[in-house]
Novice: 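Mind looking over this structure? Questions follow.
Throughout, numbering of the chain's residues begins at 1 and tracks the sequence.
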Amino acid sequence: MEFTTLQKDMIAAMKAKDKVRKDAISSLVSAAKKVAIDEGCRDDITEEIVNRVILKEMKTVKEQIDGCPDERADLKAEYQARYDIIGEYAPKMLSAEEVENVIREKFADVLATKNKGQIMKSVMGELKGKADGKVINQVVSELCQ
(Lines give C-alpha, C1' and ligand atoms only; values in the text may rest on other atoms or scores of the structure.)
Protein backbone atom coordinates (compact mmCIF):
# COMPACT_ATOMS: atom_id res chain seq x y z
CA MET A 1 0.00 0.00 0.00
CA GLU A 2 1.36 3.38 -0.95
CA PHE A 3 1.41 6.15 1.62
CA THR A 4 -0.10 8.67 -0.81
CA THR A 5 -3.10 6.37 -1.31
CA LEU A 6 -3.72 6.38 2.43
CA GLN A 7 -3.53 10.16 2.52
CA LYS A 8 -5.94 10.53 -0.42
CA ASP A 9 -8.41 8.10 1.14
CA MET A 10 -8.21 9.97 4.45
CA ILE A 11 -9.01 13.26 2.68
CA ALA A 12 -11.90 11.59 0.84
CA ALA A 13 -13.28 10.28 4.15
CA MET A 14 -13.01 13.79 5.63
CA LYS A 15 -14.93 15.28 2.71
CA ALA A 16 -17.59 12.55 3.01
CA LYS A 17 -17.80 13.27 6.76
CA ASP A 18 -17.21 9.55 7.46
CA LYS A 19 -15.73 9.86 10.95
CA VAL A 20 -15.12 6.15 11.58
CA ARG A 21 -13.28 5.68 8.28
CA LYS A 22 -11.31 8.91 8.72
CA ASP A 23 -10.23 7.93 12.23
CA ALA A 24 -9.10 4.46 11.14
CA ILE A 25 -7.11 5.74 8.16
CA SER A 26 -5.75 8.67 10.16
CA SER A 27 -4.32 6.26 12.74
CA LEU A 28 -2.55 4.39 9.92
CA VAL A 29 -1.14 7.62 8.46
CA SER A 30 0.16 8.88 11.79
CA ALA A 31 1.65 5.49 12.73
CA ALA A 32 3.40 5.26 9.35
CA LYS A 33 4.80 8.78 9.77
CA LYS A 34 6.04 7.93 13.26
CA VAL A 35 7.79 4.74 12.12
CA ALA A 36 9.35 6.59 9.19
CA ILE A 37 10.70 9.30 11.49
CA ASP A 38 12.03 6.68 13.91
CA GLU A 39 13.82 4.93 11.04
CA GLY A 40 15.24 8.18 9.67
CA CYS A 41 13.33 8.34 6.38
CA ARG A 42 10.84 11.08 7.17
CA ASP A 43 10.30 12.24 3.57
CA ASP A 44 10.38 8.85 1.87
CA ILE A 45 7.81 6.52 3.45
CA THR A 46 8.17 3.19 1.67
CA GLU A 47 5.48 0.62 0.94
CA GLU A 48 7.26 -1.81 3.27
CA ILE A 49 6.89 0.59 6.20
CA VAL A 50 3.21 1.23 5.43
CA ASN A 51 2.46 -2.50 5.11
CA ARG A 52 4.26 -3.23 8.38
CA VAL A 53 2.25 -0.51 10.15
CA ILE A 54 -1.03 -1.77 8.69
CA LEU A 55 -0.36 -5.32 9.89
CA LYS A 56 0.62 -4.08 13.35
CA GLU A 57 -2.53 -1.94 13.61
CA MET A 58 -4.68 -4.88 12.49
CA LYS A 59 -3.16 -7.05 15.19
CA THR A 60 -3.74 -4.36 17.82
CA VAL A 61 -7.39 -3.86 16.84
CA LYS A 62 -7.95 -7.64 16.74
CA GLU A 63 -6.64 -7.83 20.32
CA GLN A 64 -9.04 -5.02 21.27
CA ILE A 65 -11.95 -6.96 19.74
CA ASP A 66 -10.96 -10.17 21.52
CA GLY A 67 -10.43 -8.41 24.85
CA CYS A 68 -13.65 -6.41 24.76
CA PRO A 69 -16.33 -7.69 27.15
CA ASP A 70 -19.49 -9.09 25.53
CA GLU A 71 -21.76 -6.62 27.32
CA ARG A 72 -20.04 -3.73 25.49
CA ALA A 73 -21.54 -4.48 22.08
CA ASP A 74 -21.25 -0.81 21.03
CA LEU A 75 -17.51 -0.79 21.63
CA LYS A 76 -17.06 -4.16 19.98
CA ALA A 77 -18.94 -2.93 16.88
CA GLU A 78 -16.71 0.15 16.74
CA TYR A 79 -13.55 -1.98 16.93
CA GLN A 80 -14.91 -4.36 14.28
CA ALA A 81 -15.67 -1.48 11.91
CA ARG A 82 -12.14 -0.16 12.42
CA TYR A 83 -10.70 -3.65 11.82
CA ASP A 84 -12.68 -4.02 8.59
CA ILE A 85 -11.50 -0.64 7.29
CA ILE A 86 -7.84 -1.37 8.10
CA GLY A 87 -8.28 -4.82 6.51
CA GLU A 88 -9.10 -3.15 3.19
CA TYR A 89 -5.55 -1.77 3.10
CA ALA A 90 -3.74 -4.86 4.37
CA PRO A 91 -1.38 -6.66 2.01
CA LYS A 92 -2.51 -10.09 0.80
CA MET A 93 -1.07 -12.84 2.98
CA LEU A 94 0.33 -16.10 1.64
CA SER A 95 -1.67 -19.26 2.34
CA ALA A 96 -0.23 -22.30 4.11
CA GLU A 97 0.32 -24.06 0.76
CA GLU A 98 2.16 -21.05 -0.68
CA VAL A 99 4.32 -20.81 2.44
CA GLU A 100 5.18 -24.51 2.18
CA ASN A 101 6.12 -24.10 -1.49
CA VAL A 102 8.41 -21.15 -0.72
CA ILE A 103 10.09 -23.05 2.12
CA ARG A 104 10.61 -26.16 -0.03
CA GLU A 105 12.03 -24.12 -2.95
CA LYS A 106 14.25 -21.56 -1.24
CA PHE A 107 15.17 -23.25 2.04
CA ALA A 108 15.59 -26.91 1.08
CA ASP A 109 19.14 -27.00 2.48
CA VAL A 110 18.06 -25.63 5.88
CA LEU A 111 14.93 -27.81 5.86
CA ALA A 112 17.11 -30.92 5.58
CA THR A 113 18.54 -30.21 9.06
CA LYS A 114 15.06 -30.60 10.65
CA ASN A 115 16.15 -27.90 13.16
CA LYS A 116 12.95 -25.87 13.65
CA GLY A 117 14.71 -22.87 15.22
CA GLN A 118 17.22 -22.60 12.42
CA ILE A 119 14.52 -22.99 9.77
CA MET A 120 12.30 -20.33 11.39
CA LYS A 121 15.24 -17.93 11.62
CA SER A 122 15.97 -18.33 7.91
CA VAL A 123 12.37 -18.29 6.74
CA MET A 124 11.08 -15.34 8.81
CA GLY A 125 13.51 -12.93 7.18
CA GLU A 126 12.11 -13.84 3.77
CA LEU A 127 8.41 -14.14 4.62
CA LYS A 128 7.95 -11.47 7.32
CA GLY A 129 5.03 -9.27 6.29
CA LYS A 130 4.07 -11.66 3.49
CA ALA A 131 2.59 -14.42 5.65
CA ASP A 132 1.18 -14.74 9.14
CA GLY A 133 3.78 -15.90 11.66
CA LYS A 134 1.40 -18.51 13.08
CA VAL A 135 0.91 -20.03 9.62
CA ILE A 136 4.67 -20.11 9.03
CA ASN A 137 5.25 -21.75 12.42
CA GLN A 138 2.58 -24.37 11.72
CA VAL A 139 4.01 -25.23 8.28
CA VAL A 140 7.57 -25.47 9.63
CA SER A 141 6.38 -27.72 12.47
CA GLU A 142 4.69 -30.06 9.98
CA LEU A 143 7.77 -30.15 7.75
CA CYS A 144 10.08 -30.96 10.69
CA GLN A 145 8.14 -34.09 11.68
Novice: For the atom pair CG (Asp43) and CD1 (Ile37), what is the distance rounded to the nearest 0.5 Å?
Specialist: 9.5 Å
Novice: Please list, chain by chain and in numerical order, all residues satisfying side chain to side chain donor-acceptor pair (under 3.5 Å) with Glu71, sequence neighbours excluded.
Specialist: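 Not a single residue meets the side chain to side chain donor-acceptor pair (under 3.5 Å) criterion with Glu71.
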Novice: Could you give me the CA-CA distance, side-chain angles and deciding distance for Asn51 and Glu47, then say whether side-chain hydrogen bond (donor to acceptor under 3.5 Å, both in side chains) is met?
Specialist: CA-CA 6 Å; Asn51 287 339; Glu47 267 190 61; 4.6 Å; no
Novice: Can you give me the closest heavy-atom contact between Val20 and Ala81, atom names plus distance?
Specialist: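 Minimum heavy-atom separation between Val20 and Ala81: CG1-CB, 4.1 Å.
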Novice: Quick one: does Glu142's side chain get under 4.5 Å of Gln138's, heavy atoms only?
Specialist: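 Yes, their side chains come closer than 4.5 Å.
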Novice: Looking at side-chain heavy atoms only, is the closest gap between Asp84 and Gln80 below 4.5 Å?
Specialist: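 When only atoms from C-beta onward are counted, Gln80 and Asp84 do touch, with a gap below 4.5 Å.
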Novice: Can you name the residues that form a side chain to side chain donor-acceptor pair (under 3.5 Å) with Glu98, not counting sequence neighbours?
Specialist: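 So Glu98 forms a side chain to side chain donor-acceptor pair (under 3.5 Å) with Ser95.
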Novice: Should Thr46 and Ile49 count as side-chain neighbours, where that means a heavy-atom distance under 4.5 Å?
Specialist: yes
Novice: Can you name the nearest heavy-atom pair linking Ala90 to Ile54, along with the distance?
Specialist: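 Scanning both residues completely, I find the closest heavy atoms to be CA-CG2, 3.6 Å.
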Novice: How long is the span from the CE atom in Met93 to the CD1 atom in Ile136, to the nearest 0.5 Å?
Specialist: 9.0 Å
Novice: Return a table of donor-acceptor pairs under 3.5 angstrom between the side chains of residues 25-33 and protein atoms on other chains or two or more places apart.
Specialist:
| unit_1 | atom_1 | unit_2 | atom_2 | d |
| --- | --- | --- | --- | --- |
| Ser27 | OG | Ala24 | O | 2.7 |
| Ser27 | OG | Arg82 | NH2 | 3.0 |
| Ser30 | OG | Ser26 | O | 3.2 |
| Ser30 | OG | Ser27 | O | 3.2 |

Novice: Report the residues that fulfil side chain to side chain donor-acceptor pair (under 3.5 Å) with Lys22, sequence neighbours left out, ordered by chain and then residue number.
Specialist: none
Novice: With sequence neighbours excluded, what pairs up with Tyr89 under the side chain to side chain donor-acceptor pair (under 3.5 Å) test?
Specialist: Asp9, Arg21
Novice: Say you draw a straight line from CD of Glu78 to CD1 of Ile65; how long is it, rounded to the nearest 0.5 Å?
Specialist: 10.5 Å
Novice: Using salt bridge (charged side-chain N to carboxylate O under 4.0 Å, His left out), reason through Asp74 and Lys76 one step at a time and then give a plain yes or no.
Specialist: CA-CA 5 Å; Asp74 58 328; Lys76 211 169 207 170; over 6 Å; no
Novice: Side chains of residues 55-64: which donor-acceptor partners sit under 3.5 Å, not counting sequence neighbours?
Specialist:
| unit_1 | atom_1 | unit_2 | atom_2 | d |
| --- | --- | --- | --- | --- |
| Thr60 | OG1 | Lys56 | O | 2.9 |

Novice: How far does CZ of Arg72 sit from CG of Asp70, to the nearest 0.5 angstrom?
Specialist: 12.5 Å
Novice: Does Arg52 come within less than 4.0 Å of Glu39, counting only side-chain N to carboxylate O?
Specialist: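 Here Arg52 pairs with Glu39 in a salt bridge, since their nearest N and O are under 4.0 Å apart.
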Novice: Once rounded to the nearest 0.5 Å, what's the spacing between atom CD of Glu100 and atom CG of Leu94?
Specialist: 13.0 Å
Novice: Quick one: pull up CE in Met120 and CG in Asn137 and give me the separation to the nearest 0.5 Å.
Specialist: 4.5 Å
